[in-house]
Amino acid sequence: MLQLQVIRDQQQKVITGLNKRNFKDAESLINQVLSTDSQRRLTQNSLDLLNAKSNADSKKIGELMKSGKADEAKSLRESVSSDKEKTKAFETELAKLETELQQLLYRIPNIPAERVPAGKSPEDNITTKEWGKVPTLSADAQPHWELIKKYNIIDFELGVKIAGAGFPVYKGKGARLQRALINFFLDEALALGYTEIQPPIVVNEASGYGTGQLPDKEGQMYYATEDKLYLIPTAEVPITNLYRDVLLGDDDLPVKNVGYTPCFRREAGSWGAHVRGLNRLHQFDKVEIVRIVRPEESYDVLEEMCTHVQGLLEKLELPYRRLLLCGGDMGFNSAMTFDMEVYSAAQQRWLEVSSVSNFETYQANRLKLRHKSKEGKVQLLHTLNGRCVSITTYRRGNPRKQPVKRRNNYS
RNA sequence: GGAGAGAUGCCAGAGCGGUCGAAUGGGCCGGUCUCGAAAACCGGUGUGCGGGCAACUGUACCGAGGGUUCGAAUCCCUCUCUCUCCGCCA
């Protein structure tokens with residue numbers, strides 16, 4: 001959620017930024033925000049004034065009662081009583097305006113950073129690095145969905161039997177490989193000073209709002225109605241929400257967390273030929289890194305996180321390219337995102353295996369995640385997160401072959 | 001699931017319906033003292049929103065949401081959570 005102050009003070013910059021990500025209605029939405037906000041302030045002002053009067057009068061009533069002037073107190077009491085009805089009206093109005101404002105702000109995505117290129121689709125992304133040599137496969141090479149059958153390491157049919165499509169069963173070496181990768185990613189992060197977190201894999205509604213999955217990704221999360229809990233679509237949700245409504249001190253920074261969790265996504269409406277095999281799943285494993293840092297450090301940290309992920313790919317000897325996503329291809333919450341893609345020779349396309357984002361204050365504002373310095377200055381922090389290379393899910397297809405591009409803002 | 005107790009500031013903990021944004025202690029920060037430190041003493045120590053260039057000021061906030069009242073941390077209702085005991089436990 002963008003800061004109201006920023007929208008108020010830098011209206012033009014905000015609109016320009018939103019245009020860069022091809023966001024429709026930026027101007028009218030911003031205008032609505034501003035007019036709702038000014039009404040809100042007006043209302044609050046009236047309410048405060050009225051409250052101040054009632055408070056003073058009430059105090060006076062107490063004094064009058066004490067000094068035995070009961071009839072004076074009585075008439076004053078009646079006047080305050082009638083003021084209270086006006087107070088109610090202002091309170092209702094204020095609450096209504098605040099909700100309205102909140103709803104409007106929820107609809108506005110983050111503003112892309114300066115360096116983010118304008119653009120509408122994946123073609124406008126900029127490749128900032130390439131590493132490794134793309135292998136050439138023999139003519140009879142098979143895609144992974146054939147190989148897993150041949151070696152009996154991942155079984156989709158069994159998964160269908162006990163759960164449904166998109167819930168594979170890993171067997172034998174398949175399960176071991178999975179576990180080895182998780183350990184590898186965790187250990188690599190620990191070596192860099194990350195703290196390992198094992199969070200709950202269900203979260204409440206407040207957490208969903210905190211990191212921005214709610215309200216707009218509502219239908220994409222599994223929901224346990226009885227207990228009102230959402231299955232997490234990414235460890236980002238619980239791990240970042242650890243810091244919801246938190247005021248961190250100098251000693252608490254920087255926050256450097258890593259966590260492995262299974263992730264659950266309904267992926268409603270996204271099935272098709274290009275999501276075959278492990279390309280898109282309802283349940284998959286992921287190791288996520290989450291950073292919470294001072295604003296002035298966040299872009300250095302973003303680079304550091306990318307370097308870390310690249311290091312993982314290099315150790316795994318996977319040829320990759322690094323993309324700076326254009327405005328139109330970025331997730332809703334992000335100010336700047338780098339994607340790492342690995343070339344699948346079998347599928348003959350680039351597959352997104354990692355995505356590292358800086359959200360600046362966008363999430364922190366919603367989370368009320370702030371820092372208080374020794375000098376007493378309070379400011380919103382920057383949050384960042386990234387995936388340590390997908391373990392069994394690939395999210396992006398070849399842009400040229402994939403007409404409908406569906407992005408989410410999870411990773 | 002049943003019964004009981006509770007939720008107050010960074011922590012502990014007090015708080016007759018009016019003078020309570022909240023005693024007291026600890027912590028932390030600043031100062032005095034000291035060669036330095038400890039001790040002692042003195043002072044300071046919330047967040048959101050509104051107004052103001054600022055000093056400052058208005059308002060809201062004592063788990064959350066409602067209610068009673070001229071006035072609620074204090075009374076009433078609902079919910080959430082925590083603790084204790086009993087039950088259940090793939």
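By convention in this document, chain letters (A, B, ...) are assigned in the order of the sequence lines, proteins followed by strands, and residues within each chain are numbered from 1.
- Distance A:Asn204 CG to B:rC79 P: 19 Å, rounded to the nearest Å.
- Here B:rG66 presents its C1' atom at 12 Å from CD of A:Glu91, a figure rounded to the nearest Å.
- Of the options A:Thr383, A:Asn257, A:Asp252, a side-chain hydrogen bond (donor to acceptor under 3.5 Å, both in side chains) to A:Tyr243 is made by A:Asn257 and by none of the others.
- The separation of B:rA64 from B:rA60, taken at their C1' atoms, amounts to 15 Å, rounded to a whole angstrom.
- Classified by interplanar angle (parallel below 30°, tilted 30° to 60°, perpendicular above 60°), the ring pair A:Tyr362/A:Phe332 is perpendicular.
- No engagement by A:Leu76 is indicated, since no non-hydrogen atom pair under 4.0 Å with the nucleic acid exists.
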Under the salt bridge (charged side-chain N to carboxylate O under 4.0 Å, His left out) criterion, do A:Glu352 and A:Arg387 qualify, and how do the steps go?
CA-CA 11 Å; A:Glu352 180 201 324; A:Arg387 189 184 339 158; 3.0 Å; yes
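- What separates CD of A:Gln3 from P of B:rG48 is a distance of 12 Å, to the nearest Å.
- Formation of a donor-acceptor pair under 3.5 Å by the A:Lys60 side chain with backbone atoms of A:Leu76 is not found in this model.
- A salt bridge does not link A:Asp124 with A:Lys120: none of the charged nitrogens is closer than 4.0 Å to a carboxylate oxygen.
- Across the interface with RNA chain B, nearest-nucleotide mapping of A:Gly62 and A:Val378 shows A:Gly62 to be the residue nearer the 5′ end.
- For A:Asn358 (side chain) and A:Leu302 (main-chain N/O), no donor-acceptor pair under 3.5 Å exists by modelled atom type.
- A straight line from CD of A:Glu85 to P of B:rG71 spans 11 Å, rounded to a whole angstrom.
- Nucleotides B:rA90 and B:rC79 have their C1' atoms positioned 30 Å apart, rounded to a whole Å.
- Side-chain atoms of A:Arg265 do not come within 3.5 Å of backbone N or O of A:Met221 as any donor-acceptor pair.
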Secondary-structure string, 5' to 3', Watson-Crick or G-U under 3.5 Å, | for another-strand partners, for RNA chain B:
((((((((.[[[..)..(.....]]]((((((.......))))))((((((....)))))).[[[[[..)....]]]]])))))))....
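- The separation between A:Leu64 atom CG and B:rU19 atom P is 15 Å, rounded to whole Å.
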Contact pattern, 5' to 3', of nucleotides 49-62 of chain B - B, S or - by protein heavy atom under 4.0 Å:
BSS------BSS--
Check the pair A:Arg244 / A:Ser207 against side chain to side chain donor-acceptor pair (under 3.5 Å), numbers first and verdict last.
CA-CA 8 Å; A:Arg244 172 156 46 84; A:Ser207 300; 2.9 Å; yes
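- As judged by a 4.0 angstrom heavy-atom cut-off over every strand, A:Lys368 is placed among residues making no nucleic acid contact.
- Comparing B:rU32 with B:rA37, their P atoms sit 11 Å apart, to the nearest whole Å.
- B:rG27 and B:rC20 have their P atoms separated by 26 Å, given to the nearest Å.
- Heavy atoms of A:Lys372 sit under 4.0 angstrom from primed sugar atoms or phosphate atoms, though from no base atom.
- Rounded to a whole Å, the NZ atom of A:Lys84 is 8 Å from the C1' atom of B:rC70.
- Comparing the same atom, C1', in B:rG65 and in B:rU57 gives a spacing of 30 Å after rounding to whole Å.
- Distance check on atom P: B:rU24 versus B:rC35 gives 34 Å, rounded to whole Å.
- In this entry the distance linking CD1 of A:Ile61 with C1' of B:rG18 reads 10 Å, nearest Å.
- Between A:Lys86 and A:Glu93 there is no salt bridge, since no side-chain nitrogen of the basic residue lies less than 4.0 Å from a carboxylate oxygen of the acidic one.
- With rounding to whole Å, A:Asp250 atom CG is found 12 Å from B:rC29 atom P.
- Mapping A:Ser54 and A:Lys88 onto RNA chain B via the closest heavy atom, the residue that lands nearer the 5' end is A:Lys88.
- Atom CZ of A:Arg321 is separated from atom CG of A:Leu313 by 13.0 Å, given to the nearest 0.5 angstrom.
- The pair A:Asp37-A:Arg8 counts as a salt bridge, with a side-chain nitrogen and a carboxylate oxygen less than 4.0 angstrom apart.
- Between the C1' atoms of B:rA23 and B:rA12, the separation comes to 14 Å (whole Å).
- B:rC16 and B:rG31 have their P atoms separated by 39 Å, given to the nearest Å.
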